[in-house]
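Because the structure is a prediction, the values reported are computed rather than measured. In the text below, chain A, chain B and the rest are named by the order of the sequence lines, each starting its count at 1.
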Protein chains: 2
Amino acid sequence: MTTAPDPRRRNEKSHRAIVTAALDLCVERGYGQVTMEAIAAQAGVSKKTIYRWWPSKGAVVLEGIAELVGEVTPFLDTGDIVADLTTQLTAVLDHMMTGPRSAVYAGVIAESHHDRELVGALSAMVGPRIEAARERLRRAREQGQLAADADVDLIIDLLYGPLYYRLLLHLEPYSPERIRMVIERTLAVFAPPAE
Amino acid sequence: MTTAPDPRRRNEKSHRAIVTAALDLCVERGYGQVTMEAIAAQAGVSKKTIYRWWPSKGAVVLEGIAELVGEVTPFLDTGDIVADLTTQLTAVLDHMMTGPRSAVYAGVIAESHHDRELVGALSAMVGPRIEAARERLRRAREQGQLAADADVDLIIDLLYGPLYYRLLLHLEPYSPERIRMVIERTLAVFAPPAE
DNA sequence: AGTTCAACGACACGACACGTGTCGTGTTTT
DNA sequence: AAAACACGACACGTGTCGTGTCGTTGAACT
């Protein structure tokens, strides 16, 4: 039962340095090779300081990820569900599944299967985004852009599933054209009946 | 450059004990908490013996997984593509994504993002199965059960993507009814044009 | 402006798992 | 019968873990 530290007295400079160092090291040598010692060294910080504020390595990296995720475009509502999904999924693809950062994101998801605490943190991050997608799709359904009986959760699985599947099984990520095709094809199944 | 050991002289009893112990420990405490020391202890075997035959912890567990995977029904061809896909995907779901074993499989996929060797081993396991699915779908297309321009690879992504997505992101796995719905809906997109 | 007090960096510690090496024993091949 | 080799037991050095101690520093209250 270590008493909780006082957030007001937290050194923001160290805070930033730690998160940045963690992310940089992940990109540089891969998540699995990153150690707390290395993060502390690179950030010019004592290990003790890291453990004071985060429970595990995964938690540190997750905070970095959360910032990256924050850059992802929030769900738009231009009235055109296909266009909005394309915008969103393309952004997700660009920010999380392409380039060196993809390894970082994949690494955290991976680590969550070893680290019980990370499961919660990850869910807290992913959950609201799924909810946002659900929301947006429901609205589209109400506006008649999808069939009245369209299964919103199923649509989400069909759209996001392949993205994560390819990321986590080391398959080539989708190109922007391909992601458009997935959206187009998937939504076609749930299109409203032609009159 | 350690010289390769002679497989003919391998102690099959130890071999079995090691793989079994590795799998049991994975189920019991989760992949991340399993150590080579623990496997050796539980199997009643020297660490040296494990390292003689496997390069890493992941490789040991992977052999166990490969056995479990071997139990999965190979792709049938009854002439009905929907029925065959249902059989196959349900088997995959049952064997790999449900019950305590799911954590083992997820753990190995996870670890592959930390362990370069595991990527190859995993690909060697998954690759042929993807190829089999591709093969089967191509045949269905030739037989007119799918549209002539159906994108076989895309179909595979749409079918397997959601399964892995839910497994790896800690979401509830599909029920058999739900997996049937995925198949039905996905194939509907690529149905041959009505005449 | 002065006092207080917790966060900080530096450093040391024991515990544990890693991968390797050595050695004597027992079994299998030749 | 002899040689070759896998085996279990055990020890080693290394690296990382998470924690503990201690003196210093700097922000928050009086």
Let's see if you can work this out: which of [options] has an atom nearest to the side-chain heavy atoms of [X]?
{"X": "A/K47", "options": "C/dA7, D/dC7, D/dC17", "answer": "D/dC17"}
{"X": "B/N11", "options": "D/dA28, D/dC17, D/dC7", "answer": "D/dC7"}
{"X": "B/S46", "options": "C/dA10, D/dG8, C/dA17", "answer": "D/dG8"}

A/L146 CG to A/D151 CG distance, which is reported to the nearest 0.5 Å
11.0 Å
Using a 3.5 Å distance criterion without hydrogens, assess whether the side chain of [X] forms a donor-acceptor pair with backbone atoms of [Y].
{"X": "B/K57", "Y": "B/Y31", "result": "yes"}
{"X": "B/H95", "Y": "B/L68", "result": "no"}
{"X": "B/K47", "Y": "B/M36", "result": "no"}

Please give, in whole Å, the distance from [N] [atom2] to [X] [atom1]?
{"X": "A/I18", "N": "C/dG9", "atom1": "CD1", "atom2": "C1'", "value": "12 Å"}
{"X": "A/I39", "N": "C/dG9", "atom1": "CD1", "atom2": "C1'", "value": "17 Å"}
{"X": "A/Y31", "N": "D/dT16", "atom1": "OH", "atom2": "P", "value": "15 Å"}
{"X": "B/D6", "N": "D/dC5", "atom1": "CG", "atom2": "C1'", "value": "8 Å"}
{"X": "B/L25", "N": "C/dA17", "atom1": "CG", "atom2": "P", "value": "12 Å"}
{"X": "A/E12", "N": "D/dA27", "atom1": "CD", "atom2": "P", "value": "12 Å"}
{"X": "B/R10", "N": "C/dT29", "atom1": "CZ", "atom2": "C1'", "value": "19 Å"}
{"X": "B/K13", "N": "D/dA6", "atom1": "NZ", "atom2": "C1'", "value": "15 Å"}

Got a sec: does the CD of A/E172 have more than 12 other heavy atoms crowding it under 6.0 Å?
no
When only distance counts, do a donor and an acceptor, one from the side chain of B/R9 and one from the base of D/dA4, lie under 3.5 Å apart?
yes
Identify, between A/H15 and B/M36, the residue whose nearest nucleotide on DNA chain C lies closer to the 5' end.
A/H15
Pair A/R139, A/R136 - check side chain to side chain contact (heavy atoms under 4.5 Å, CB included), show working.
CA-CA 5 Å; A/R139 224 174 302 133; A/R136 180 64 188 87; 3.8 Å; yes
When you measure from every atom of DNA chain D, which of residues 48-63 of chain A have a heavy atom less than 4.0 Å away?
A/K48, A/Y51
Taking only the side-chain nitrogens and oxygens of A/R8, find out if one of them lies under 4.0 Å from OP1 or OP2 of D/dC29.
yes
Would you mind telling me which of A/R8, A/R10, A/R9 makes a side-chain hydrogen bond (donor to acceptor under 3.5 Å, both in side chains) with A/D6?
A/R8
